[in-house]
Number of protein chains: 2
Amino acid sequence: MKETTTLEQGQLTSAPQPTQVVPYDLIELLFFAYREFTSDPDDVLAQYGFGRAHHRVLHFVDRHPGIMVTDLLGILKITKQSLGRVLKQLVDDDFIEQRAGAIDRRQRLLHTTNKGHELAVRLARLQTERLDRAIKDLPNGTTDTVKQFLFQMIDATARREVANLINVGPDLDLTQRPDLNGMLQHTEQDGQ
Amino acid sequence: MKETTTLEQGQLTSAPQPTQVVPYDLIELLFFAYREFTSDPDDVLAQYGFGRAHHRVLHFVDRHPGIMVTDLLGILKITKQSLGRVLKQLVDDDFIEQRAGAIDRRQRLLHTTNKGHELAVRLARLQTERLDRAIKDLPNGTTDTVKQFLFQMIDATARREVANLINVGPDLDLTQRPDLNGMLQHTEQDGQ
DNA sequence: AATTTATGTCAGCTATATTGACTTATTTTG
DNA sequence: CAAAATAAGTCAATATAGCTGACATAAATT
């Protein structure tokens, strides 16, 4: 390891401005923490020839068996074309399978295969381990505080949607609720 | 006023499932929150023809005036080639300037120009605003709890390095005072 | 019957990253 | 001092992950 942070003696001095209401430490911690958070899955995925995009697809399909392609696109906020490539690989390699909808036969409902589920769980566990390590020495209640903070980081107009999404168990079928908006009657108002 | 939304008290706190050793809600909140966190700068950067990579470079150069290229690479954990392209654009467009090191003339020490500094601050303020909105309805102490959590998410072996970088000191002062914004004096010599 | 929806596909483009080899200038070291 | 190491830059080739827009097909809805 080479002498980290040789960065010019004394140059870490902050800008001597009144603009110092900016929480640079928090901003940078978010950057570093998130990078670490994704690093463990990345290493495993690379062994399968997959990347982070595959992880996201695999994760949300595993969490929402039978999800429609359209809903998955809505969650990931990517285009059909971007999803297409990644999804095709996951299907070709037998991590995800598509089944025509029983009611609406246009739909290709997505499910993880056993193999896909196992990988999804393996990756989730890696992230869980890091989260557990991070939290274990912190005071009780830290997890809830962090969850609340993260939730509030989301635009108020999108919070219901996310709240609904992350509270859906693996049994619930998103296909039965094509409109993710307004599903949660939550009493959050304060538009700011 | 504002009965602190606390996002349905019981909803994002522990799920009642017995097999729920994996905190899917927390994992997914990290994904959604981080995406939102980067979205505001992304919109502004696009107006300049820049992307997130430019933001990272601009940010760390602005925070560490006179930083060496090598050290910047170490922070960003990207290759010289990846940095090169992005840095060249920032220099060509007069957001960053390079000055030969006074002591070691091989070095091209990086500084933001006035224009670059202003953009860096503008982007940091956007992120600050989102952070402030997220925290304002949460209990006192939330910021410190979140900082501690994020810090602990980093591999133990890398924590000191990050702590030095963001100026929280070598021995995890992170567990202490809520205001480490005003005292960003230099760290430099501290072993390692 | 006409329209909308769900999905897929084509062609081409952009941004960001990678590796490896090589050059130039400069500093450090044996 | 000569040799080696370092700082930085460059070239060529490649990969991943995203984008737009246009178009096609099947199935459902109006």
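Labels below follow one simple rule: chain letters A, B, ... track the order of the sequence lines, proteins then strands, and each chain is numbered from 1.
- Taking the ring axis of B:Tyr24 as reference, the NZ or CZ atom of A:Arg63 stays within 45° of it and closer than 6.0 Å to the ring centre.
- Per the geometry, CZ belonging to A:Arg108 stands 19 Å off P belonging to C:dT5, to the nearest Å.
- Between A:His59 and A:His55, the ring planes lie perpendicular to each other; the angle is over 60°, past the 30° to 60° tilted range.
- Closest to the A:Ala53 side chain, of the nucleotides D:dA7, D:dA17, C:dA17, is D:dA17.
- Put simply, B:Thr79 has no side-chain N or O that comes within less than 4.0 Å of OP1 or OP2 on C:dA17.
- B:Arg130 and A:Ile154 get closest at one heavy-atom pair: NH1-C, 4.1 Å.
- The shortest non-hydrogen separation linking B:Leu126 to B:Asp40 is CD1-O, 3.8 Å.
- Here B:Arg56 reaches the OP1 or OP2 of C:dA17: one of its side-chain N or O atoms lies under 4.0 Å away.
- For the pair A:Gly49 and A:Ile78, both in contact range of DNA chain D, the more 5′-proximal nearest nucleotide belongs to A:Gly49.
- What separates CG of A:Asp42 from C1' of D:dA15 is a distance of 15 Å, to the nearest Å.
- Counting only heavy atoms from C-beta outward, the side chains of B:Thr112 and B:Leu119 never approach each other to under 4.5 Å.
- Remark: the backbone N or O of A:Ala156 is paired with a side-chain donor or acceptor of A:Arg160 at under 3.5 angstrom.
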Where protein sits on nucleotides 24-30 of chain D, one letter per nucleotide: B base, S sugar-phosphate only, - none, heavy atoms under 4.0 Å: --BBS--
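- Using a 4.0 Å cutoff on non-hydrogen atoms, the parts of residues 81-98 of chain B near DNA chain D are B:Gln81, B:Gln98, ordered by number.
- Between A:His54 and D:dA17, a side-chain N or O to OP1/OP2 separation shorter than 4.0 Å is present.
- Looking only at distances, a side-chain donor or acceptor of A:Gln127 sits under 3.5 Å from a matching main-chain atom of A:Phe37.
- In this structure, B:His55 atom NE2 and C:dA17 atom P are separated by 13 Å, rounded to whole Å.
- Going from atom CD of B:Gln107 over to atom C1' of C:dT28 covers 14 Å, rounded to whole Å.
- Counting to the nearest Å, the P atom of C:dA25 and the CE atom of B:Met68 are 19 Å from each other.
- Using a 3.5 Å distance cut-off with no hydrogens or angles, the side chains of B:Asp94 and B:Thr113 do not pair a donor with an acceptor.
- Rounding to whole angstrom units, CZ of residue A:Phe50 and P of D:dA15 are separated by 17 Å.
- Atom pair A:Arg35:CZ and C:dT16:P shows a separation of 16 Å (rounding to whole Å applied).
- OP1 or OP2 of D:dA8 sits under 4.0 Å from a side-chain N or O of B:Thr70.
- For B:Phe50, the ring-ring contact (aromatic ring centres under 6.0 Å, His included) partners two or more places apart in sequence, or in a different chain, are B:His54, B:Phe95.
- If you take CG of A:Leu109 and C1' of C:dT5, they are 14 Å apart, rounded to a whole angstrom.
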